[in-house]
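Take a look at the structure set out below.
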Amino acid sequence: MTKDKSAGFGTLAVHAGQSPDPSTGAVMTPVYFTSTYAQHAPGDHQGYAYSRTHNPTRTALQDNIAALEKGTKGIAFASGLAAVDAIVRLLKPGDELVSSNDLYGGTYRLFTKLFAHYGIVFKFIDLSNTANLEEVLSEKTKLVWIETPSNPLLQIIDVKAIAAFKLKYAFELVVDNTFATTYLQKPLDLGADIVMHSATKYLGGHSDVVLGLIVVNKESLAERLFFIQNAAGAIPGPMDCFLVLRGIKTLHLRMRQHCENAKQIAHYLQSHPKVEKVYWPGLSSHRGHGIAAEQMKDFGGMISFSIKGNKESQARSFLSKLNLFTLAESLGGVESLCGHPASMTHASIPREERIKAGLSDSLIRLSVGIEDADDLVEDIDQALSKI
Ligand SMILES: *Cc1c(COP(=O)(O)O)cnc(C)c1O
């Protein structure tokens, strides 16, 4: 059996970064509940001195995600947003960050309500058309930040096309890979410099942990981000690292089912008379379908759709009638969840900007779980029949 980087995804998901514990033979990576480590002599230790800097459970997770993303260094944080925060700390006052406008609400809030006060300039544009990038790039642009598929409209951004601008401008390309996961999409292979995950979602996969991850393949970035991780200290605890390590072991199996279920639901919704528009990159009617088919292995488990009439009251009524889908924030767990982005995940974005970005009042977002597809379709069907 090979555990090196040429191994298949499932093999790496189960084994990368982990081997039986040398002191006891424990097959599963122990949860190292310790803040400090005995030293043989001052400064003479086994690579572990203090748990903000290094913890063996965290090391296993970091090495695991680095192998899966085909990077050289993984860095774990207390949450996805703590990972976003660490990346933006690479910038100095006056530096510019260009981002897509269809962005996770918390990321948008961190950019505009916190980092903007420190003199960092944020520019939001529609990057589903990559030609738009040329208009805003300058020598001040240090980061370009994209989510693909994006949240909640599942817009697809052509990662290779964005990366091609690096020939002319000196920026690092960051891809928030939370929605696609490392199983469906490899941003570093597509030309990105930094991959970021909210492992809270699909990587953890069971809605029982909050954690963030970064993967890079350039030594200079690895060093700077590791410095920020240790200096600012937003690290995850060992138990949380263990839970994400465990979740990742079944990521490939879960993702296959998420994608298959989403496919059935998207096709069902597309032909429903009360549905206005379905957003799922696997549909040939989706604007980004062709690029998604090129840069992703499959189309993911997230679906958004709007109800005809575009009234928030109808969206609310539909959500209240669902039985199997739980109304909740978050996504990517084995269980199906539903949400109303305008009043939940994206409430921090002003209505005017929200509507401009195409995020209507009747938009529903589904995180399709791994239950039986027939049961999920039946649940949606009965709820739609009641509005
Ligand atoms: C949830 C999420 C985040 C933030 O992650 P947390 O773990 O909640 O801090 C960032 N980006 C995307 C796309 C997300 O879905």
Side-chain angles (χ1 to χ4, degrees), residues 61 65 69 74-89 97 99-115 122 124 127 143 145-157 159 174-185 187 192 194-215 229 232 234-237 239-241 243-244 247-248 251 255 258 279 281 296 300-304 328-333 337-341 344-349 357 359 363 365-369:
L61 172 62
I65 191 67
E69 284 288 8
I75 310 171
F77 291 87
S79 68
L81 280 176
V84 177
D85 176 85
I87 296 167
V88 184
R89 282 168 195 260
L97 184 157
S99 174
S100 48
N101 51 12
D102 188 13
L103 200 62
Y104 176 70
T107 301
Y108 179 82
R109 181 177 57 197
L110 180 61
F111 287 175
T112 58
K113 297 270 161 63
L114 256 172
F115 278 110
F122 296 90
F124 300 94
L127 283 178
L143 290 179
W145 192 289
I146 61 176
E147 283 177 30
T148 181
S150 70
N151 181 27
L153 292 176
L154 290 316
Q155 280 191 55
I156 300 297
I157 297 176
V159 181
V174 187
V175 176
D176 180 336
N177 207 22
T178 301
F179 270 39
T181 81
T182 175
Y183 177 64
L184 298 181
Q185 183 168 271
I194 303 177
V195 185
M196 176 250 135
H197 286 277
S198 169
T200 313
K201 317 295 167 50
Y202 287 105
L203 302 189
H206 298 75
S207 304
D208 53 8
V209 61
V210 172
L211 192 142
L213 293 167
I214 294 173
V215 182
Q229 180 197 38
I235 48 145
M239 188 68 210
D240 291 348
C241 294
L243 286 171
V244 174
I248 288 175
L251 179 67
M255 288 315 293
H258 284 298
Y279 302 87
M296 297 171 73
M302 297 300 298
I303 301 176
S304 290
E329 306 256 355
S330 200
L331 60 112
L337 299 179
C338 60
H340 181 241
M344 294 169 68
T345 45
H346 290 62
S348 54
I349 301 182
L359 216 152
L363 193 78
R365 191 186 79 176
L366 302 177
S367 171
V368 179

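Residue numbers start at 1 and run along the sequence shown. When a ligand or atom number is given, it counts from 1 through the structure's own listing order.
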Table of N or O contacts for ligand 1, cutoff 3.5 Å:
unit_1   : atom_1 : unit_2 : atom_2 : d
ligand 1 : 5 (O)  : S198   : OG     : 3.0
ligand 1 : 7 (O)  : G80    : N      : 2.9
ligand 1 : 7 (O)  : S198   : OG     : 2.8
ligand 1 : 7 (O)  : T200   : OG1    : 2.6
ligand 1 : 9 (O)  : G80    : N      : 3.0
ligand 1 : 9 (O)  : L81    : N      : 2.8
ligand 1 : 11 (N) : D176   : OD2    : 2.7
ligand 1 : 15 (O) : K201   : NZ     : 2.7

* Asked: Who passes side chain to side chain contact (heavy atoms under 4.5 Å, CB included) against S150, sequence neighbours left out?
  -> D102, E147, Q155
* Kindly write out the residues that satisfy side chain to side chain contact (heavy atoms under 4.5 Å, CB included) with T178, not counting sequence neighbours, or none if the list is empty. => D176, M196, S198, K201
* F111 and W145 aromatic ring geometry - parallel, tilted or perpendicular at 30°/60° bounds -> perpendicular
For residues 78-89, dump all side-chain donor-acceptor pairs below 3.5 Å to protein atoms at least two apart in sequence or in another chain.
unit_1 : atom_1 : unit_2 : atom_2 : d
S79    : OG     : L81    : N      : 3.4
S79    : OG     : A82    : N      : 3.0
D85    : OD2    : R89    : NE     : 2.6
D85    : OD2    : R89    : NH2    : 3.1

* Should Y202 and Y183 be marked as a ring-ring contact (aromatic ring centres under 6.0 Å, His included) after you check the CA-CA gap, both sets of side-chain angles, and the distance that decides it? -> CA-CA 10 Å; Y202 287 105; Y183 177 64; over 10 Å; no
* Asked: For N177, which of T148, V195, L184 qualifies under side chain to side chain contact (heavy atoms under 4.5 Å, CB included)?
  -> V195
